[in-house]
Amino acid sequence: AGHHRPLLPEGTVSRVASHLGNIAVLLVGLGVLFGLPAYAETYLIINATIFAAFAILALSLALIWGYAGILCFGQAAFFGLGGYTYAVAAINFGETTAAAALAVLLPTLFAGLLGYFMFWGRISDVYLGVITLTVSLILYRFVNQTAGEQWNIGDAPLGGFNGIPATPILNWPGRPGDQLAPENIFSLTVGLLLIAYFACKILLATRFGRIIVAIRENETRAELLG
């Protein structure tokens, strides 16, 4: 008996499976986005919001370590820097829209600057992990020793190990006195998680995404290929 040819080429099957997986993720995400606030208690919604925020952090590490092959121990440092930026800016500004924008911009600039010097110096392998871990430990030690009254940025006390007290809740853009309800914050967080997930998928499908995966597989061969 001869071998039967597959009805579809192997590449087509994998692409179809990938599209079906994306559709399944989107449907589940939309179901959680609209279904949970309608039926869950406030306690569950608040905790689910925290889990979704940490899922974005985990997604960033999955991209940079799982696909790019870069062992980074600094993800929590960038995450924490964003949190402190938001709290300090929101307390001093009296509203949270600009604070939320700064909470994204400042860690991005810090990570870009750190990454520039590491890649410019061709730091790789375990040394990159050591440098990012060192940055995390420095920020951790610094924040822990800011418990005194002298450690203030404007009207915001840093609070040491206990963190910044009375961090303002997100408000509607342009309406400082109108805070978002827990259900609104949950919807925003899950929506951003879905956007981040599909942005990573799109990035990996581009030429740049294929290059970083190729570097992970064999850096020397990728460099020789240009």
Side-chain angles (χ1 to χ4, degrees), residues 18-67 72 74-108 110-111 136 139 143 155-159 161-204:
S18 177
H19 291 323
L20 290 176
N22 291 335
I23 293 173
V25 170
L26 180 60
L27 292 176
V28 171
L30 292 176
V32 172
L33 179 63
F34 294 105
L36 194 65
Y39 299 102
E41 297 179 354
T42 303
Y43 175 80
L44 178 59
I45 292 174
I46 292 174
N47 279 279
T49 304
I50 297 172
F51 297 153
F54 280 113
I56 298 176
L57 172 63
L59 190 64
S60 70
L61 187 59
L63 174 66
I64 194 171
W65 189 5
Y67 285 93
C72 177
Q75 299 299 99
F78 306 136
F79 189 75
L81 180 61
Y84 270 86
T85 301
Y86 168 81
V88 171
I91 291 173
N92 285 283
F93 294 166
E95 69 93 33
T96 62
T97 305
L102 281 176
V104 175
L105 179 61
L106 187 61
T108 300
F110 177 66
S136 298
L139 290 176
V143 169
D155 295 329
L158 295 183
F161 183 80
N162 291 321
I164 299 177
T167 302
I169 299 173
L170 282 170
N171 58 252
W172 291 98
R175 293 185 286 176
D178 191 3
Q179 296 179 343
L180 272 68
E183 294 81 7
N184 301 131
I185 298 176
F186 169 79
S187 298
L188 175 64
T189 308
V190 174
L192 290 174
L193 174 59
L194 288 174
I195 291 173
Y197 174 80
F198 285 106
C200 290
K201 296 284 287 188
I202 293 172
L203 174 66
L204 291 171

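Quick caveat: nothing in here was measured; it's all calculated off a predicted structure.
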Minimum heavy-atom distance P157-P165, with the two atoms named: O-CD, 3.9 Å

side-chain contact (heavy atoms from CB on, under 4.5 Å) between I185 and I169, worked out: CA-CA 9 Å; I185 298 176; I169 299 173; 3.7 Å; yes

Closest non-hydrogen atom pair between L57 and A76, with its separation: CD1-N, 4.3 Å

Heavy atoms from other residues, nucleotides or ligands near CZ of F198 exceed 12 (cutoff 6.0 Å): yes

Residue pair V88 / N92: nearest heavy atoms and the distance that separates them: O-ND2, 2.7 Å

Qualifying side-chain hydrogen bond (donor to acceptor under 3.5 Å, both in side chains) pairs, either residue in residues 24-36, two or more places apart: none

Crowding at CZ, F79 (>12 non-hydrogen neighbours, <6.0 Å): yes

Minimum heavy-atom distance I164-A87, with the two atoms named: CD1-CB, 3.6 Å

Contact check, side chains of V104 and T108, non-hydrogen atoms, under 4.5 Å: yes

Residues that T85 engages under side chain to side chain donor-acceptor pair (under 3.5 Å), provided they are two or more places apart: none

Pairwise distance CZ(F34) to CD(E183) - rounded to 0.5 angstrom: 14.0 Å

Test side-chain contact (heavy atoms from CB on, under 4.5 Å) applied to L158 and V143, step by step: CA-CA 8 Å; L158 295 183; V143 169; over 6 Å; no

Audit row: L170, Q179, side-chain contact (heavy atoms from CB on, under 4.5 Å) steps and yes/no: CA-CA 6 Å; L170 282 170; Q179 296 179 343; over 6 Å; no

Pairs touching residues 186-197 that satisfy side-chain hydrogen bond (donor to acceptor under 3.5 Å, both in side chains), sequence neighbours left out: none

Rounded distance [0.5 Å steps], CG in L33 versus CG in L193: 10.0 Å

Pairs involving residues 80-99, ordered by first then second residue, that meet ring-ring contact (aromatic ring centres under 6.0 Å, His included) (sequence neighbours left out): none

Distance (rounded to the nearest 0.5 Å) between L59 CG and I64 CD1: 12.0 Å

Gap separating the CZ atom of F78 from the CG atom of L139, nearest 0.5 angstrom: 9.0 Å

Atom of A90, atom of A99 and distance for their closest heavy-atom approach: N-CB, 3.5 Å

Residues forming a salt bridge (charged side-chain N to carboxylate O under 4.0 Å, His left out) with D178, sequence neighbours excluded: R175

side-chain hydrogen bond (donor to acceptor under 3.5 Å, both in side chains) contacts touching residues 35-63 (sequence neighbours left out): S60-Q75

From CA spacing to verdict: side-chain contact (heavy atoms from CB on, under 4.5 Å), I91, T167: CA-CA 7 Å; I91 291 173; T167 302; 5.5 Å; no

Heavy-atom side-chain proximity of N184 to W172 below 4.5 angstrom: yes

Heavy-atom closest pair, residues A89 and L102: CB-CD1, 4.1 Å

